[in-house]
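Here's the structure we're looking at; comments come further down.
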Protein chains: 2
Amino acid sequence: MRTGVKSIRALARGLEVFKAVVKRRDASLQQLYEDTGLAKPTLLRMLKTLEEGGLARRSLGDNRYRVSSGARLFFLPPSDADLIAERAAPLMDALCREVLWPSDLGVYSDGAIQIIESSRYQTPFPVNRHLMGYTVHVLMSAMGRAHLAFSPPAVVREIIERLRQSDDPYDWGARDPAKIMRSLAAIRSAGYAVREPGYGGWVRPGQGDAIAVPVLQGRRVLACLSLSWPADAATVKQIVSRHLGQLKATAAEIAAKVAAERDVGS
Amino acid sequence: MRTGVKSIRALARGLEVFKAVVKRRDASLQQLYEDTGLAKPTLLRMLKTLEEGGLARRSLGDNRYRVSSGARLFFLPPSDADLIAERAAPLMDALCREVLWPSDLGVYSDGAIQIIESSRYQTPFPVNRHLMGYTVHVLMSAMGRAHLAFSPPAVVREIIERLRQSDDPYDWGARDPAKIMRSLAAIRSAGYAVREPGYGGWVRPGQGDAIAVPVLQGRRVLACLSLSWPADAATVKQIVSRHLGQLKATAAEIAAKVAAERDVGS
DNA sequence: TGCCGTCGTTTCACCTGGTGTAACCTCATC
DNA sequence: GATGAGGTTACACCAGGTGAAACGACGGCA
């Protein structure tokens with residue numbers, strides 16, 4: 001993105017003040033003055049603005065500033081997927097710079113894999129963009145197969161059971177569990193998943209190909225990270241030998257970042 | 001307070017942008033442009049700033065802005081007391097302007113009444129300030145007695161039981177429940193509580209006096225609202241005849257505001 | 001009661017920094 | 001490859017953000 005946009009000092013400082021109020025649950029002007037180093041008139045104006053914006057309030061009784069309870073309305077608790085996507089984004093960006101091919105991040109949700117982040121914008125190659133929020137099929141896509149292969153048996157059973165009831169032809173593979181189990185074993189020993197041959201028509205200017213690895217937290221698959229490229233540019237073997245290591249490393253970094261975040265939250 | 005402080009436009013607009021992003025869970029620049037009416041370069045700069053401040057992020061995959069999950073760190077869930085205090089403050093301010101004597105707002109917590117808001121700053125008379133956060137005794141203070149008198153019997157029993165185990169001499173009245181019950185009945189029929197004679201030494205330049213009424217939500221006492229004045233300025237009878245109506249009306253308004261807020265939250 | 005120190009508020013003049021128009025670039029669609 | 005929509009950059013104007021300094025309110029102390 002290489003954005004040369006300048007930021008707005010007045011706003012940045014206002015946010016600093018807000019954070020300072022949050023940090024102390026209540027704060028006097030003097031304390032904020034000491035904490036932030038801003039001039040008192042400046043603080044007064046900013047706190048007035050925060051107050052009018054519904055983020056802070058000033059108590060009558062002690063003239064101290066507090067976080068407005070109305071502020072809770074602005075902060076709907078973020079989903080796990082949001083958190084993972086946010087931690088993953090810079091790492092995926094870095095990966096894309098090294099590898100040049102784009103990668104996607106997906107989570108299992110409701111019988112499908114949902115794309116929650118993607119670096120397709122970052123690559124100069126004509127792969128399909130507009131993928132965010134779309135879903136791909138568990139049994140057909142590289143990410144779905146990686147998710148299954150590295151999930152505990154109980155989770156796998158549950159997902160398969162769910163897919164048996166699906167009307168979608170792409171999910172009908174769930175009716176032959178034995179076959180699925182064989183592929184999953186192969187994926188586990190290889191360390192990565194490819195998509196079911198013939199699936200993935202969504203890369204338009206020629207067939208695309210993809211591999212996927214899991215983002216693991218203990219035994220749980222948090223998400224899956226894929227790498228895509230036009231099929232005519234390289235074979236799976238070539239890509240694996242060149243980039244599988246980087247892909248796995250990125251997945252591990254994502255897991256580590258999310259884990260670090262979890263600790264803070266508790 | 002009558003504050004002549006000016007607010008900061010850049011900050012106010014930045015908060016608007018943030019709210020706009022919150023409103024749509026994710027938003028393109030174009031959408032924010034339409035929603036806020038701000039120029040796009042302005043939006044870019046503000047969003048950049050929000051991003052750096054950890055409140056927003058821009059997804060790689062679709063270039064859309066979302067609320068950062070890091071914003072969660074700023075958000076400590078506000079307590080009920082905070083919410084009540086915030087709703088009550090402007091009403092207490094108004095009351096104080098009419099009546100000229102200050103009022104306090106308290107909630108029962110852990111065997112005592114905690115002062116969570118106060119309009120003592122607003123009154124020109126030399127009553128004790130610095131009350132926020134202090135606690136007063138349930139059986140002795142006007143607010144504590146109002147709390148008990150208008151609470152359901154089960155709650156009253158629980159509180160009395162708690163106070164029996166207190167070391168504080170001011171709580172020893174709990175050892176004669178029958179006497180307490182008689183006072184509570186009297187308070188209920190009068191519609192307001194006064195403090196136990198002799199209690200309330202904390203109004204310094206001469207004894208102070210106070211009456212208190214409950215802020216009711218259904219059968220629950222959310223908080224208690226008191227009105228204080230120097231004992232030599234007026235008798236309880238005079239104050240009751242002049243101001244009890246206003247005090248009760250204010251308590252009812254507080255209850256209504258909090259109830260309205262609750263509905264939004266659900 | 002008067003003095004003093006602390007903390008909050010107001011004033012005001014400087015000039016930085018926020019602002020929007022206009023031009024430009026990128027990408028998707030047909 | 002033309003068209004249009006959405007996103008970004010450049011630039012020049014001047015509103016508006018800024019902090020020093022003065023002022024005011026309050027509490028503590030003796």
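No hydrogens, no waters, no symmetry mates; every other heavy atom, side chains included, goes into these values. Proteins get letters first, then strands, A, B, ... in listed order; numbering begins at 1 in each.
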Measure CD/A:Glu34 against P/C:dT6 and give the value in whole Å, please.
12 Å

Residues in salt bridge (charged side-chain N to carboxylate O under 4.0 Å, His left out) with B:Arg145, at least two apart?
B:Glu196

Review item, nucleotides 16-21 of chain D N/O atoms under 3.5 Å of protein N/O:
from	atom 1	to	atom 2	distance (Å)
D:dG17	OP1	B:Arg9	N	2.7
D:dG17	OP1	B:Ala10	N	3.2
D:dT18	OP1	A:Arg13	NH1	3.1
D:dG19	OP1	A:Arg13	NH2	3.0
D:dG19	OP2	A:Thr42	OG1	2.6
D:dG19	N7	A:Arg45	NH2	3.2
D:dG19	O6	A:Arg45	NH1	3.2

Cationic N near anionic O, under 4.0 Å, B:Glu51 to B:Arg57
no

Contacts of A:Val213 that satisfy side-chain contact (heavy atoms from CB on, under 4.5 Å) - sequence neighbours left out:
A:Tyr192, A:Leu225, A:Leu244, A:Leu247, A:Lys248, A:Ala251

Nearest-angstrom distance from the residue atom NZ of B:Lys48 to C1' of D:dT9
13 Å

Could you pull out all residues at least two apart from B:Arg64 that satisfy side chain to side chain donor-acceptor pair (under 3.5 Å)?
B:Asp26, B:Gln31

Could you tell me how far apart B:Glu16 (CD) and C:dG18 (P) are, to the nearest whole angstrom?
18 Å

Not counting sequence neighbours, which residues clear side-chain contact (heavy atoms from CB on, under 4.5 Å) with A:Gln30? List them please.
A:Ser28, A:Tyr33, A:Glu34, A:Lys40

side-chain contact (heavy atoms from CB on, under 4.5 Å) with B:Ala89: which residues, sequence neighbours excluded?
A:Leu60, B:Glu117

Measure from the side chain of B:Val5, starting at C-beta and using heavy atoms only, and say which of C:dT10, D:dG7, C:dC7 lies closest.
C:dT10

May I have the distance from B:Leu47 (atom CG) to C:dT19 (atom P), rounded to whole angstrom?
12 Å

Report yes if a side-chain nitrogen or oxygen of B:Arg58 is closer than 4.0 Å to either non-bridging phosphate oxygen (OP1 or OP2) of D:dT8; otherwise report no.
yes

Taken to the nearest whole Å, CG/B:Leu44 to P/D:dA10 is 13 Å

Using atom CG of B:Leu29 as one end and atom C1' of D:dG6 as the other, report the distance to the nearest whole Å.
8 Å

Figure out the CD/P separation between A:Gln30 and D:dC26, and round it to whole Å.
17 Å

Can you tell me the distance, in whole Å, between the CG atom of B:Leu43 and the C1' atom of D:dT9?
15 Å

